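Note sheet for the following structure.
Counting begins at 1 with the first residue of the sequence. Just so it is clear, the model here is predicted, and its values are computed rather than measured.
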Amino acid sequence: MGKFWRVIGLFLLLLAGTPAAADYKNDYVKAQRAVEDGEPAEAIALLREAISENPTADERVRWYGQRIISYVPYFYLGKALAAMGDCDAALDAFQQSLDGGVIQELDEFSELNSSVAQCRAQTIDVSGLVANATEALDDLLSTNERYGALENDPFLATEWSDSWAEGLQQSAASYASLRNRLRTAEDERDASAIELVIAAAEEATQKMTGNRDLALARSQTLAAEAARRVERRREAASQQLREALAAARSAVPATAPDASLEQLLSSLTTDIARAEQALANADEVQMQTGTQALASRTRQYQEAEQRWRVAQQDIAQRTPPDALKRVAETYFSGDYAMVVELKGSTSLEDRRARLQLHLFGAAAHYKLYMLSGERRTEHLRQAQESIRTIKSLDAGFAPYISAFSPRFLEFFRTTS
């Protein structure tokens with residue numbers, strides 16, 4: 001026994017005859033000695049006696065003479081109960097000591113906090129906390145995996161590295177760190193640390209869920225934009241296909257003049273039917289392919305028909321008059337103004353020659369219109385008038401394809 005407690009024992013003997021009012025102090029001091037000596041059961045009995053007489057804590061209590069002690073019976077009761085293994089009762093005693101408002105000013109306060117932490121660790125179901133923390137971490141891992149799967153989203157793939165990958169990397173690092181923290185806290189049976197792991201995992205999961213929602217919303221926006229682009233391209237392709245169909249239909253006569261043209265006409269008619277079907281349900285690429293095939297088949301047929309018409313003309317009949325030859329030579333020399341002048345002063349009896357004269361006049365006026373930057377509209381009107389005259393004389397007349405530009409040929413075809 002230490003010198004202090006021998007002195008205390010001596011004073012207790014001397015005070016044996018003091019009034020009962022001092023007994024709670026004696027019981028308190030004896031209880032302190034019992035706690036220090038490892039006799040918690042005796043300390044508990046003494047402290048309960050002292051508390052029954054005076055439950056109020058006091059920072060300064062006169063014991064004997066000028067001897068002043070601090071009176072915190074619930075603190076020592078908690079220590080004794082904890083030593084007996086009754087942590088639930090010990091925590092109640094520690095709380096009553098805190099409620100007294102005295103222990104906070106004493107050196108024993110840090111010891112009380114330490115004892116409270118130790119008792120809580122024993123009373124809390126650490127295994128249950130670990131299970132909860134494991135579940136929270138599993139939720140985080142699952143959320144990370146669902147988020148990571150968006151890397152394969154066709155609309156997010158191009159911006160994944162710049163906009164979305166960093167959040168996943170940070171969350172994955174958090175997951176690994178929290179796993180390590182949980183293992184350490186479990187080994188140390190540190191309930192507070194385990195609870196912090198749970199809170200951090202839940203916060204990280206919530207953040208990643210929000211990030212995933214943002215990524216999904218971005219994907220939906222990009223998908224809608226892509227769908228609009230596809231629809232616009234499909235509309236453009238559809239328009240081109242409709243134009244090709246119109247050109248093909250205008251090129252199809254009721255009957256073809258011979259067997260070779262009959263076969264081309266049959267193929268063209270088949271392509272027209274396919275194009276009409278494609279307008280209803282084909283995609284952009286199929287429409288573009290159909291347009292190209294139809295336009296090629298139409299031109300193929302027109303050229304074959306043109307060759308047939310030329311072949312049917314008698315060589316002698318195709319020998320142009322000198323006046324028409326002069327107009328043609330002037331046109332091909334590029335003197336379009338002179339062609340216009342010669343046409344106005346030339347009179348031809350032969351019907352086919354007059355058609356050709358009007359054709360060169362129309363072509364010359366059209367050239368002059370184009371050379372003016374499409375400003376001299378009188379040339380455009382004269383060209384249209386000449387073409388109308390030709391078509392009124394011969395509705396089936398068509399310019400020789402190799403002699404004139406594709407643009408003029410299209411102008412001739414569409415003028416009515």
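Remark: side-chain polar atoms of S392 are paired, donor with acceptor, to backbone N or O of T389 under 3.5 angstrom. Put simply, the side chain of T346 gets close to the backbone of L342: a donor and an acceptor are under 3.5 Å apart. Q306 places a side-chain N or O within donor-acceptor distance of the main-chain N or O of A398, the cut-off being under 3.5 Å. Checking side-chain atoms of S296 against main-chain N and O of A293 turns up no donor-acceptor pair under 3.5 Å. In this structure, the side chain of S266 does not engage the main chain of E262 through any donor-acceptor pair within 3.5 Å. Listed for the S177 side chain is no donor-acceptor partner under 3.5 Å among the backbone atoms of A173. With hydrogens and angles disregarded, no donor-acceptor distance shorter than 3.5 Å links the side chain of E49 to the backbone of L46. At distances below 3.5 Å, at least one donor-acceptor pair connects side-chain atoms of R388 with backbone N or O atoms of S416. Under a 3.5 Å cut-off, the side chain of D58 and the backbone N or O of V61 do not form any donor-acceptor pair. Between the S174 side chain and the Q170 main chain, a donor and an acceptor come within less than 3.5 Å of each other.
No close placement of the Y74 and F94 rings is indicated, their centers lying 6.0 Å or farther apart. Between Y147 and W160, the gap from one ring centroid to the other is short of 6.0 Å. Taking the six-membered ring wherever Trp is involved, the centroid distance between the rings of Y71 and Y24 falls below 6.0 Å.
In this structure, L222 CG and Q220 CD are separated by 10.5 Å, a value rounded to the nearest 0.5 Å. If you take CD on Q302 and CD on Q300, they are separated by 11.0 Å, rounding to the nearest 0.5 Å. In this structure, CD on Q384 lies 9.5 Å from OG1 on T377, to the nearest 0.5 angstrom. Put simply, CZ on R297 and OG1 on T269 are 10.5 Å apart, with the number rounded to the nearest 0.5 Å.
Of all non-hydrogen atoms in M84 and A41, the two that sit nearest each other are SD-N, 4.0 Å. S250 and A247 get closest at one heavy-atom pair: OG-O, 2.8 Å. Across all their heavy atoms, F155 and A223 have their closest contact at CE1-CB, 3.5 Å. What you find for C87 and C119 is that their closest heavy atoms are SG-SG, 2.5 Å. Contact between F408 and I387 at its shortest, heavy atoms only, is CE1-CD1, 4.5 Å.
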Run the side chain to side chain donor-acceptor pair (under 3.5 Å) check on Q96 and D92 step by step: do they pass? CA-CA 6 Å; Q96 286 180 287; D92 288 340; over 6 Å; no
Between F397 and L359, does a side chain to side chain contact (heavy atoms under 4.5 Å, CB included) hold up when you go through it step by step? CA-CA 10 Å; F397 180 87; L359 177 62; 4.0 Å; yes
Run the numbers on E145 and L141 for side chain to side chain contact (heavy atoms under 4.5 Å, CB included), then give the verdict. CA-CA 6 Å; E145 290 173 347; L141 178 61; 3.9 Å; yes
Test E284 against R234 for salt bridge (Lys or Arg N to Asp or Glu O under 4.0 Å), laying out the working first. CA-CA 5 Å; E284 171 197 353; R234 189 182 184 282; over 6 Å; no
Trace of the salt bridge (Lys or Arg N to Asp or Glu O under 4.0 Å) decision for D27 with K30: CA-CA 5 Å; D27 288 339; K30 289 178 182 180; 5.1 Å; no
Given L156 and E151, is the side chain to side chain contact (heavy atoms under 4.5 Å, CB included) satisfied, shown in steps? CA-CA 7 Å; L156 296 178; E151 184 177 2; over 6 Å; no
Please walk me through it: do D37 and R33 pass side chain to side chain contact (heavy atoms under 4.5 Å, CB included)? CA-CA 6 Å; D37 288 346; R33 181 175 63 181; 3.4 Å; yes
Side chain to side chain donor-acceptor pair (under 3.5 Å) between D335 and T330, worked out: CA-CA 6 Å; D335 193 349; T330 304; over 6 Å; no
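With hydrogens and angles left out, the side-chain atoms of R179 and Y175 include a donor and acceptor closer than 3.5 Å. For S171 and N144, the side-chain atoms include at least one donor-acceptor pair closer than 3.5 Å. Side-chain atoms of T205 and D139 form no donor-acceptor pair, as typed in the model, at a separation below 3.5 Å.
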Give the table of side-chain donor-acceptor pairs shorter than 3.5 Å for residues 235-246, with sequence neighbours excluded, one pair per line with atom names and distance.
unit_1: S238; atom_1: OG; unit_2: R242; atom_2: NH1; d: 2.6
unit_1: Q239; atom_1: OE1; unit_2: R242; atom_2: NH2; d: 3.0
unit_1: Q239; atom_1: NE2; unit_2: E243; atom_2: OE2; d: 3.2

Identify every side-chain donor-acceptor pair in residues 364-372 under 3.5 Å, counting partners at least two apart or on other chains, and give the distances.
unit_1: H365; atom_1: ND1; unit_2: H379; atom_2: ND1; d: 3.0
unit_1: S372; atom_1: OG; unit_2: Y369; atom_2: O; d: 2.6
unit_1: S372; atom_1: OG; unit_2: R375; atom_2: N; d: 3.2
unit_1: S372; atom_1: OG; unit_2: R376; atom_2: N; d: 3.1

What pairs of donor and acceptor atoms, side-chain ones from residues 186-202 against any protein atom, are under 3.5 angstrom apart with sequence neighbours left out?
unit_1: D190; atom_1: OD1; unit_2: S192; atom_2: N; d: 3.2
unit_1: D190; atom_1: OD1; unit_2: A193; atom_2: N; d: 3.1

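Residues R249 and E276 have side chains in contact (heavy-atom distance under 4.5 Å, counting atoms from C-beta outward). Residues M208 and L168 meet the side-chain proximity criterion, which asks for heavy atoms closer than 4.5 Å. Within the 4.5 Å cutoff, no side-chain heavy atoms of F404 are placed close to those of F411. Contact annotation: the side chain of N211 never approaches that of W164 to less than 4.5 Å [non-hydrogen atoms, C-beta and beyond]. Within the 4.5 Å cutoff, no side-chain heavy atoms of I44 are placed close to those of Y76. Looking at R413 and E410, their side chains come closer than 4.5 Å, going by heavy atoms from C-beta outward. Using a 4.5 Å cut-off on side-chain heavy atoms (C-beta onward), L81 and P40 make no contact. Taking 4.5 Å as the limit, every side-chain heavy atom of R62 sits out of range of all side-chain heavy atoms of R67.
No more than 12 heavy atoms of other residues, nucleotides or ligands lie within 6.0 Å of CD in E341, so this atom counts as exposed by the packing criterion. Counting non-hydrogen atoms of neighbouring residues, nucleotides and ligands closer than 6.0 angstrom, the CD atom of Q277 reaches no more than 12 such neighbours. When the shell of 6.0 Å around CG of D107 is examined, it contains 12 or fewer heavy atoms from other residues, nucleotides or ligands. Other residues, nucleotides and ligands place more than 12 heavy atoms under 6.0 Å from the NZ atom of K391. E159 CD: more than 12 foreign heavy atoms inside a 6.0 Å radius.
A salt bridge does not link R48 to E53: none of the charged nitrogens lies less than 4.0 Å from a carboxylate oxygen. Between E303 and R299 there is a salt bridge, with a side-chain nitrogen of the basic residue lying less than 4.0 Å from a carboxylate oxygen of the acidic one.
Applying the side chain to side chain contact (heavy atoms under 4.5 Å, CB included) test between L324 and each of K343, E329, Q356, R354 identifies Q356 as the sole match. A side chain to side chain donor-acceptor pair (under 3.5 Å) with K79 is found for exactly one of E111, Q32, E108, namely E111.
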